[in-house]
Amino acid sequence: MKAIQIQKNGGPEVMALTEVVVPEAAAGQAIVKLEAIGVNFIDVYQRSGLYPVELPYVLGVEGAGTVDQLGPGVEPFRIGDRVAWVGVSGAYAEYAAVPADKLVKLPEAVGFRDAAAAMLQGMTAHYLAVETYPIKKGDAVLVHAAAGGVGQLLVQLAKRRGARVLATVSTEQKAELARKAGADEVILYSEKDFESEVKALTDGKGVNAVYDSVGQATFLKSLECLSLRGFLVSFGQSSGKIPDFDPAILGRKGSLYLTRPSLFHYIADRESLERRASEVLDWVSKGELRLHIGDTLRLSDAPDAHRRLEARKTTGKVLLLP
Ligand code: NDP
């Protein structure tokens, strides 16, 4: 089968379409024939070496498809089941071996492409808005990179929970998408100082929470946007690693909270995975959470998908088709 493998860390050029053997199902595993593959920023970090992986490595941690083979001990799955998963490597391929306890069955109303678009970014938006900082009616929150994959979904969930949503994006086209997702105020942080814009839009008070996936370029200013005892949820570093940070700053700026959460700790056990996935997939099937699939490329074009993602050219979800 074909897979996108890396032999060393580096730029998109290290990603090679390689012929590898179809995996055999070990105990507790299913072999899934992929129909749609999710591209995520974590793939870029693993490719570049920011997040270390054992080489050679087949990229991709999110996919949807049908169960093609089963090892022993994989109740309740059957061959032919429509499934999706997140957090197991090897998804940039035609087949992947996935531990059955990481698989979720797809509702009939959710297609493979929507499933591959919803699992990682949908469950991330879910835990961020519902658990990391549980957004309350009447809150004001700031969502950076609001036209991105997580961004558009987080804006929708924040609105659904009754917040006033301030959003940042880099272009007018992205601003339109953020507004469509429900943002009340959109700031072009490529042109304007988002800290002064947030202060002006909140009568100097600041927001209850900032969801910051941009990292290096926004982190310190995000702290300035918070009201007293506000929450900075730093969940990514699309612009680069955040420099070392003195926690005393949190005290000086108003007894602020800082957390650096990861989806994988919010779906660490079967119960949390099933609960979160079923809620997100249910909202998707009812049209209550709208997915925006901005790019769909062939598996062989995976290096281009990474180039586009890193150059800030994508909106919403990026998918690969095997
Ligand atoms: P996005 O679709 O949001 O793409 C990244 C966006 O970040 C860009 O489109 C761009 O939007 C913005 N950005 C700002 N500066 C840069 C830069 N220098 N280079 C590239 N992009 C930049 O990606 P995802 O939705 O897949 O992921 C968003 C972030 O969330 C990533 O950092 C990812 O690692 C993180 N994440 C964290 C999770 C967790 O549990 N902790 C889970 C899922 C994702 P604009 O042009 O508008 O600035």
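Atoms within each ligand, like the ligands themselves, are counted from 1 in listed order. Predicted, not measured: the structure shown is a model, and the values here were computed from it.
Here the heavy atom of the protein found nearest to atom 31 (C) of ligand 1 is Ser238 OG, 3.3 Å. Atom 6 (C) of ligand 1 has Ala145 CB, 4.0 Å as its closest protein atom, hydrogens excluded (heavy atom only). Counting protein heavy atoms only, atom 9 (O) of ligand 1 is closest to Lys174 NZ, 3.2 Å. Closest to atom 18 (N) of ligand 1 among all protein heavy atoms lies Ser239 CA, 3.4 Å. Annotation: atom 42 (C) of ligand 1 to nearest protein heavy atom, Thr124 OG1, 3.2 Å. For atom 29 (C) of ligand 1, the closest non-hydrogen atom on the protein side is Ser213 CB, 3.3 Å. For atom 3 (O) of ligand 1, the closest non-hydrogen atom on the protein side is Gly148 CA, 3.5 Å. The shortest contact between atom 21 (N) of ligand 1 and any protein heavy atom is with Arg312 CG, 3.3 Å.
Residue contacts with ligand 1: Gln121 is placed with a nitrogen or oxygen under 3.5 Å of a nitrogen or oxygen of the ligand (distance criterion only).
Under 4.0 Å is where a charged nitrogen must lie from a carboxylate oxygen, and between Glu176 and Arg179 at least one such pair does. Between Arg275 and Glu131, at least one side-chain nitrogen of the basic residue sits less than 4.0 Å from a carboxylate oxygen of the acidic one, meeting the salt-bridge criterion. Note on Glu19 versus Lys2: salt bridge recorded, some NZ/NE/NH1/NH2 to OD/OE distance being below 4.0 Å. By the 4.0 Å N-to-carboxylate-O rule, Arg82 lies too far from Glu108 to be salt-bridged with it. Here Asp81 does not pair with Arg78 in a salt bridge; the nearest charged N to carboxylate O distance is not below 4.0 Å.
Counted within 6.0 Å of NZ on Lys253, heavy atoms from surrounding residues, nucleotides or ligands total 12 or fewer; the atom is thus considered open. Environment of OH in Tyr257: sparse, with no more than 12 heavy atoms of neighbouring residues, nucleotides or ligands closer than 6.0 Å.
In this structure, the side chains of Leu297 and Val318 come closer than 4.5 Å at one or more pairs of heavy atoms. Counting only heavy atoms from C-beta outward, the side chains of Leu166 and Val141 never approach each other to under 4.5 Å. When side chains are defined from C-beta on, Asp43 counts as touching Tyr92, because their heavy atoms get closer than 4.5 Å.
Residue contacts with ligand 1, taken as heavy atom pairs separated by less than 4.0 Å, involve Tyr189 solely via side-chain atoms from C-beta onward. Proximity of Leu263 to ligand 1, defined as any heavy-atom pair under 4.0 Å, is shared by backbone and side chain alike.
A side-chain donor-acceptor contact under 3.5 Å links Gln46 and Tyr57. Tyr211 and Thr132 are not linked by any side-chain donor-acceptor pair at a separation below 3.5 angstrom, with hydrogens and angles left out of the test.
Heavy atoms of Arg260 come nearer than 4.0 angstrom to ligand 1 in at least one pair. In this structure, Pro261 counts as a contact residue of ligand 1, since one of its heavy atoms falls inside 4.0 Å of the ligand. Contact analysis puts Tyr127 in contact with ligand 1, with a non-hydrogen atom separation below 4.0 angstrom. A heavy-atom separation below 4.0 Å is found between Tyr45 and ligand 1. Within the 4.0 Å heavy-atom shell around ligand 1 one finds Ser262.
Taking only non-hydrogen atoms, the option from Phe264, Phe41, Phe235 nearest to atom 30 (O) of ligand 1 is Phe235.
Residue Val169 approaches ligand 1 through these ligand atoms, each under 4.0 Å from one of its heavy atoms: 47 (O). Of all atoms in ligand 1, numbered sequentially from 1 with element shown, those under 4.0 Å from a heavy atom of Val150 are 25 (O), 43 (C), 44 (C). Shown in contact with Gln237 at under 4.0 Å from a heavy atom are these atoms of ligand 1, numbered in order with element: 32 (O). Set against the non-hydrogen atoms of Val214, the atoms of ligand 1 under 4.0 Å away are 14 (C), 15 (N). Here is the list of ligand 1 atoms found below 4.0 Å of a heavy atom in Leu120: 42 (C), 43 (C). Within ligand 1, counting atoms from 1 as listed, the ones closer than 4.0 Å to a heavy atom of Glu310 are 19 (N), 20 (C). Those atoms of ligand 1 that come under 4.0 Å of a heavy atom in Gly149, given as number and element, are 1 (P), 2 (O), 3 (O), 25 (O). Those atoms of ligand 1 that come under 4.0 Å of a heavy atom in Ser170, given as number and element, are 45 (P), 46 (O), 47 (O), 48 (O).
Taking the six-membered ring where the residue is Trp, Phe245 and Phe219 present perpendicular rings, their angle passing 60° and hence far from 30°. Classified by interplanar angle (parallel below 30°, tilted 30° to 60°, perpendicular above 60°), the ring pair Tyr266/Tyr127 is parallel.
Scanning for side-chain contact (heavy atoms from CB on, under 4.5 Å) contacts around Asp203 gives an empty result, with sequence neighbours left out.
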